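Below: the structure, in structure tokens.
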Amino acid sequence: MLVQRLGAPSDLDPLLERARDARVVMIGEATHGSHDYYRIREQLTRRLIAECGFNFVAVEGDWPDCDRVHRSVVGAAGGAVEPQVALERFERWPTWMWANAEVARFCSWLRAWNLERAESSRVGFHGLDVYSLWESMQAIFDYLGEEDPASLEAAQEAYRCFEPYGKRVEEYGMASRFVSARCEQEVVRLLARTREYAATDGPGAFSAWQNAEVVAGAERYYREMVAGGPGSWNVRDNHMADTLDRLLVRYGPGARGVVWAHNTHVGDARATDMAADGMVNIGQLARERHGADEVVLVGLGSWRGTVIAAPRWGSPAEAMVVPPARAGSVEHLLHQLMPDRAVLVFGGPDQPGWVTDTLDHRAIGVVYDPSFESWGNYVPTRLGQRYDAFIWCDETTALHPLPALTTPGEMETYPAGV
């Protein structure tokens, strides 16, 4: 194991060397609301793009919202001149995950980087997640309305199937236990139609196909969600892994992507108790699909600090105190062993025993209650098997949300808020 004190951006060199030839680099975070994780992730991603030639960034966010950001950063016709304007249009709670000053800073840099390059070599910004059923449906209407109004019927039939449930689509999931699979059939028709358009490679065709994949994934997700257990989690992470694979194909032979998501999605589930519960995640799926040598998984964590989170689902975000990690945890151990900031690159014969021992590893979602620290908020983990590298910040500070449009959140995800 290599340990490098982290101060200047050049201190990321050992990790960059490990990631240089990978096809996929996934960079995690122990919270969705810590400035330090977003800032370090930005620094590493900028170097992966500028020095290693990575082609796109894919995040744990909705495709339609992120597509507006993508159009801005690549300088597409109709895209916002300032990426922050596109980020401020994020509506789905929790908006602060991506509508924050830290992401706006990165996207402004990415736009400037892209505009100095040919359109064919510009670096994209995309969403991997599955929640945006209604927004994706509207995007399909907009596309078909311009390209082929006669084909709107398939989209309208799928829309009418969900319409009785309004935007509380979890009610569809409950109803689907007792009624026919008509919505599923309509979504399959819609997906088949948009796949035909994707083959034409016309403007917006790939995005329309991806939006149809989101609708299909959301339909499966909400049906699984009401059943409880790991089913909806697995639908979601399989959808994100499938979206990543489609992007790798879309960007052409040799394409390479950076993924931003929570540690719970990035770190290989087989090195945690998630596996015993029948859960998979995108880190595991990427290793299985592309080979461990082609995938680098990077976790981030801290001992204490402040974080932007919400006390309950759908409520306003607030800055909260993250108390010192509990005794016996990964974070407690690293607080004792490591400098204030460090990069750990796993591998080699000289790894200490705690790298492969099972220790509790903190995971804070968008919903957080610090009083749960004594019994919750931790995932048993074999750190050196879950990640290829780990970035340590002894103390972190809360990130800086942008003013954004806000709508109530969907029913809570499984497990809560990651």
Side-chain angles (χ1 to χ4, degrees), residues 42 45-46 48-50 53-92 95 97-100 102-129 132 135-149 151 155 194-215 243-260 402 404-405:
E42 174 198 354
T45 302
R46 286 171 62 164
L48 288 169
I49 291 168
F54 278 70
N55 304 98
F56 63 87
V57 177
V59 307
E60 185 189 336
D62 291 339
W63 180 270
D65 282 340
C66 292
D67 197 50
R68 287 194 294 271
V69 179
H70 168 74
R71 295 179 63 80
S72 174
V73 299
V74 300
V81 174
E82 294 293 335
Q84 181 168 325
V85 173
L87 289 165
E88 288 175 346
R89 290 184 60 192
F90 277 48
E91 296 184 5
R92 184 180 305 281
T95 57
M97 275 180 62
W98 305 115
N100 59 65
E102 289 78 0
V103 173
R105 174 188 174 121
F106 169 76
C107 290
S108 293
W109 172 86
L110 184 58
R111 177 181 168 89
W113 168 269
N114 279 332
L115 293 185
E116 294 180 354
R117 283 152 183 83
E119 289 185 21
S120 60
S121 60
R122 292 177 183 176
V123 175
F125 186 94
H126 304 286
L128 296 174
D129 225 327
S132 59
E135 296 85 353
S136 290
M137 194 82 74
Q138 183 60 55
I140 294 168
F141 288 161
D142 294 343
Y143 174 77
L144 293 178
E146 292 183 5
E147 298 297 324
D148 185 5
S151 295
T194 54
R195 278 175 176 160
E196 294 176 12
Y197 280 99
T200 68
D201 202 34
F206 178 80
S207 187
W209 174 26
Q210 178 58 31
N211 276 306
E213 293 283 1
V214 170
V215 173
T243 301
L244 173 62
D245 289 350
R246 281 190 288 274
L247 287 168
L248 289 169
V249 173
R250 175 66 178 175
Y251 276 84
R256 306 160 76 200
V258 180
V259 173
W260 292 359
L402 298 174
L405 303 172

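Quick note: residue numbers are just sequence positions, from 1. Just so we're clear, the structure is a prediction, and the values are computed from it rather than from any experiment.
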Query raised in the report: Is any side-chain N of the basic residue among Glu213 and Arg246 closer than 4.0 Å to the acidic one's carboxylate O?
Result: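 Between Arg246 and Glu213 there is a salt bridge, with a charged N closer than 4.0 Å to a carboxylate O.
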Query raised in the report: Ion pair present between Arg92 and Asp62, side-chain N to carboxylate O less than 4.0 angstrom?
Result: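 So Arg92 pairs with Asp62 through a salt bridge.
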Return the [atom1] to [atom2] distance between [X] and [Y], rounded to the nearest 0.5 Å.
{"X": "Glu135", "Y": "Arg68", "atom1": "CD", "atom2": "CZ", "answer": "8.5 Å"}
{"X": "Cys66", "Y": "Arg71", "atom1": "SG", "atom2": "CZ", "answer": "14.0 Å"}
{"X": "Ser72", "Y": "Asp67", "atom1": "OG", "atom2": "CG", "answer": "11.5 Å"}
{"X": "Asn55", "Y": "Leu247", "atom1": "CG", "atom2": "CG", "answer": "10.5 Å"}
{"X": "Asn114", "Y": "His70", "atom1": "CG", "atom2": "NE2", "answer": "9.0 Å"}
{"X": "Gln84", "Y": "Asn100", "atom1": "CD", "atom2": "CG", "answer": "10.0 Å"}

Check the angle between the aromatic planes of [X] and [Y] and answer parallel, tilted or perpendicular using the 30° and 60° thresholds.
{"X": "Phe206", "Y": "Trp209", "value": "perpendicular"}
{"X": "His126", "Y": "Phe56", "value": "perpendicular"}
{"X": "Phe125", "Y": "Phe106", "value": "tilted"}

**Report entry** Trp113 six-ring face occupied by Arg117 cation (under 6.0 Å, within 45°)
**Finding:**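 Verdict for Trp113: a cation-pi partner in Arg117.
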Requested in this report: Before giving the answer on side-chain contact (heavy atoms from CB on, under 4.5 Å), spell out for Glu102 and Glu42 the whole-Å C-alpha distance, their side-chain angles and the decisive distance to 0.1 Å.
Outcome: CA-CA 8 Å; Glu102 289 78 0; Glu42 174 198 354; 5.7 Å; no
Query raised in the report: Any sub-3.5 Å donor-acceptor pair from Ser136's side-chain atoms to Ser132's backbone N or O?
Result: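 Yes.
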Query raised in the report: Between the main-chain N or O of Glu60 and the side-chain N or O of Trp98, is there a donor-acceptor pair closer than 3.5 Å?
Result: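 A pair under 3.5 Å: yes.
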Side chains of [X] and [Y]: closer than 4.5 Å at any heavy-atom pair?
{"X": "Cys107", "Y": "Val69", "answer": "yes"}
{"X": "Asn211", "Y": "Trp63", "answer": "yes"}
{"X": "Arg122", "Y": "Leu110", "answer": "no"}
{"X": "Thr45", "Y": "Trp260", "answer": "yes"}
{"X": "Val57", "Y": "Val59", "answer": "yes"}

Query - Taking every non-hydrogen atom, the tightest pair across Ala80 and Ala86 - result: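 That closest heavy-atom pairing would be CB-N, 4.3 Å.
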